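Some notes on the structure that comes next.
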Amino acid sequence: MLAEKIAIITGAGKGMGEIHAREFAAQHAAVVLTDVDTKNGHRVADEISASGGKAIFVDHDVVDEGSWSNVVAEAERAFGCVNVLVNNAGIFIRDTIENLSVVDFRRLYEVNVTGAFLGCKLVAPSMKRAGGGSIVNVSSVSGIVANMPGMTGYSATKGAIRMLTKAAAVDLWQHGIRVNSIHPGTIRTPLNEDYFSDPEKTRLILGSTLMARPGECSEVSAALIFLASDGSSYMTGSELVVDGGMTAV
Ligand SMILES: NC(=O)c1ccc[n+]([C@@H]2O[C@H](COP(=O)([O-])OP(=O)(O)OC[C@H]3O[C@@H](n4cnc5c(N)ncnc54)[C@H](O)[C@@H]3O)[C@@H](O)[C@H]2O)c1
């Protein structure tokens, strides 16, 4: 589904980003993995290359504008103009509105929102040169509902990503660039691993998930591949929920 596509995936050193990179490569995309975690980023890119896929790793902090320019330059040098961007990198800090510090709120906003904004802004010129492209911003069910305590900062950033996506879609459609958001529910990754060591916390994080289990990273990758591919050619500014039915109730 992704043959001939050149895709940047941020935060690809571990968690969902790692699996997305592996699944994109399995679909014959050339993948540019980026992360602040250089050790894991190199490991994943090397493993994809060793198994016959096309992948490079670029050291990258999504909050740094200059670092984004370097990612685009490295992607074009290695493979050509960029067709797909997955703004996946994100951080999670959980605290109630009274306890969350302004420092933590600003950090959440910087990585989760400014990072995605810079990605849309700085990768769009390469996509224009490619004749169009698909940007997928990774939001969350927390960008749609507030269904457990302590999510103020994180939910605010994920809601902002949802609207950043729609506004960017309006700005970029004339250039053949589609922009959509994806909203995973509870997916077991290093980001929330501590919730699965304690049955009480597991019950809390699964909340109202109809399927009563966490999702697999690959279940999100499948939806992401659809949004990245030409199969979703009539979708822009839309939001795709992958949550085991959590937001249905
Ligand atoms: N795990 C879930 O249940 C869940 C649910 C909904 C949405 N999400 C979102 O999915 C995305 C991936 O989450 P995950 O669970 O795989 O997280 P994770 O913590 O397992 O992985 C996130 C990756 O992003 C990288 N990263 C963090 N800050 C960065 C920065 N400034 N620049 C570049 N890379 C950076 C980390 O090094 C890490 O490799 C995040 O945006 C997260 O908010 C996760």
Side-chain angles (χ1 to χ4, degrees), residues 8-23 32-45 57-68 70-71 85-94 104 106-119 122 136-148 151 153-162 164-165 181-196 201-202 204-207 209 211 213-221 223-224 227 239-244 246-247:
I8 296 172
I9 303 178
T10 67
K14 62 176 177 286
M16 270 191 268
E18 171 179 353
I19 304 304
H20 298 333
R22 292 183 188 280
E23 300 272 346
V32 179
L33 298 87
T34 88
D35 208 298
V36 283
D37 180 347
T38 52
K39 186 164 168 258
N40 278 313
H42 276 298
R43 174 186 59 80
V44 180
F57 172 73
V58 183
D59 184 10
H60 175 217
D61 185 338
V62 295
V63 309
D64 177 19
E65 199 169 346
S67 175
W68 270 107
N70 183 48
V71 169
L85 166 66
V86 182
N87 278 313
N88 166 77
I91 57 169
F92 178 62
I93 303 171
R94 182 163 179 258
D104 281 349
R106 288 195 173 129
R107 181 67 189 154
L108 275 165
Y109 200 88
E110 189 74 355
V111 176
N112 295 358
V113 186
T114 308
F117 160 75
L118 286 173
L122 296 171
V136 187
N137 292 325
V138 180
S139 176
S140 166
V141 287
S142 302
I144 300 173
V145 293
N147 61 355
M148 70 176 189
M151 302 293 280
Y154 184 76
S155 287
T157 67
K158 292 301 181 178
I161 289 173
R162 180 173 165 269
L164 168 74
T165 299
S181 57
I182 194 162
H183 300 256
T186 300
I187 314 296
R188 191 169 180 163
T189 71
L191 178 136
N192 54 23
E193 192 53 48
D194 57 319
Y195 280 82
F196 292 99
K201 280 187 164 179
T202 306
L204 178 73
I205 196 171
L206 282 179
T209 301
M211 293 184 183
R213 65 165 177 87
E216 301 291 333
C217 296
S218 60
E219 292 178 302
V220 180
S221 305
L224 195 53
L227 288 177
E239 47 200 80
L240 188 54
V241 173
V242 186
D243 70 347
M246 184 193 285
T247 51

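Keep in mind that what you see is a predicted model, and the values were worked out from it rather than measured. Read the numbers this way: they start at 1 and go in the same order the structure lists the ligands and their atoms.
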Among all protein heavy atoms, pick out the one at the shortest distance from atom 33 (C) of ligand 1; state its residue, atom name and that distance to 0.1 Å. His60 O, 3.3 Å
Of all the atoms in ligand 1, which lie at a distance below 4.0 Å from a heavy atom belonging to Gly185? 3 (O), 4 (C), 5 (C), 6 (C)
For atom 6 (C) of ligand 1, grab the closest protein heavy atom and report residue, atom and distance to one decimal in Å. Pro184 O, 3.3 Å
With rounding to the nearest 0.5 Å, note down the distance linking CD1 in Ile144 to OG in Ser181. 7.0 Å
Within the structure provided, determine whether Lys14 and Lys39 are in side-chain contact (heavy-atom separation under 4.5 Å). no
For Thr189 and ligand 1, does the shortest N/O to N/O distance drop below 3.5 Å? yes
Give yes if a backbone or side-chain nitrogen or oxygen of Ala12 is under 3.5 Å from a nitrogen or oxygen of ligand 1, and no if not. no
Near Thr186 (heavy-atom distance under 4.0 Å), the atoms of ligand 1 are 3 (O)
Using 0.5 Å steps for rounding, measure from the OG atom of Ser140 to the CZ atom of Phe92. 8.5 Å
N/O to N/O below 3.5 Å, does that happen between Asp37 and ligand 1? no
Protein contact of atom 43 (O) of ligand 1 - nearest heavy atom, named by residue and atom, plus distance: Tyr154 OH, 2.6 Å
Quick one: are Asn147 and Met246 in side-chain contact, heavy atoms under 4.5 Å? yes
With a 4.5 Å cut-off on side-chain heavy atoms, are Val63 and Tyr109 touching? no
Give me the one residue out of Thr165, Leu227, Asn88, Val113 that meets side chain to side chain contact (heavy atoms under 4.5 Å, CB included) with Asn137. Thr165
Which residue owns the protein heavy atom closest to atom 31 (N) of ligand 1, what's the atom, and how far is it? Asp61 OD1, 2.9 Å
When you measure from atom 12 (C) of ligand 1 to every protein heavy atom, which one gives the shortest distance, and what is it? Asn88 OD1, 3.3 Å
Side chain, backbone, both or neither: the part of Asn192 lying under 4.0 Å from ligand 1 by heavy atom: side chain
Which atoms from ligand 1 have a heavy atom of Met16 less than 4.0 Å away? 1 (N), 2 (C), 4 (C), 8 (N), 10 (O), 16 (O), 44 (C)
Counting from 1 in the order shown, the ligand 1 atoms closer than 4.0 Å to a non-hydrogen atom of Ser139 are 7 (C)
Those atoms of ligand 1 less than 4.0 Å from some heavy atom in Val138: 9 (C), 10 (O), 11 (C)
Side chains of Phe57 and Val32: does their closest heavy-atom pair fall under 4.5 Å? no
Atom 19 (O) of ligand 1: of Ile182, Leu191, Val141, the nearest heavy atom sits on Leu191
Of all the non-hydrogen atoms in the protein, which one sits nearest to atom 36 (C) of ligand 1, and at what distance? Asp35 OD1, 3.5 Å
Give yes if a backbone or side-chain nitrogen or oxygen of Val111 is under 3.5 Å from a nitrogen or oxygen of ligand 1, and no if not. no
Which atoms from ligand 1 have a heavy atom of Pro190 less than 4.0 Å away? 20 (O)
Tyr154/Asp104 under side chain to side chain contact (heavy atoms under 4.5 Å, CB included): CA gap, chis, key distance, verdict: CA-CA 10 Å; Tyr154 184 76; Asp104 281 349; over 6 Å; no
Pick from Gly90, Gly15, Cys217: the one approaching atom 22 (C) of ligand 1 most closely through a non-hydrogen atom: Gly90
More than 12 foreign heavy atoms under 6.0 Å from CE of Met211: is that the case here? no
Tell me the protein heavy atom at minimum distance from atom 32 (N) of ligand 1, and give that distance in Å. Val62 N, 3.0 Å
The closest protein heavy-atom partner of atom 2 (C) of ligand 1 is Ile187 O, 3.4 Å
Would you mind reporting whether Val86 and Ile8 have side-chain heavy atoms less than 4.5 Å apart? no
Flag Lys158 as yes when one of its N or O atoms lies below 3.5 Å from any N or O atom of ligand 1, and as no otherwise. yes
Please tell me if the side chains of Val111 and Val62 come closer than 4.5 Å, counting only heavy atoms from C-beta onward. yes
I'd like to know whether OH of Tyr195 has more than 12 heavy-atom contacts from other residues, nucleotides or ligands below 6.0 angstrom. yes
Salt bridge (Lys or Arg N to Asp or Glu O under 4.0 Å) between Glu110 and Arg106, intermediate numbers included: CA-CA 6 Å; Glu110 189 74 355; Arg106 288 195 173 129; over 6 Å; no
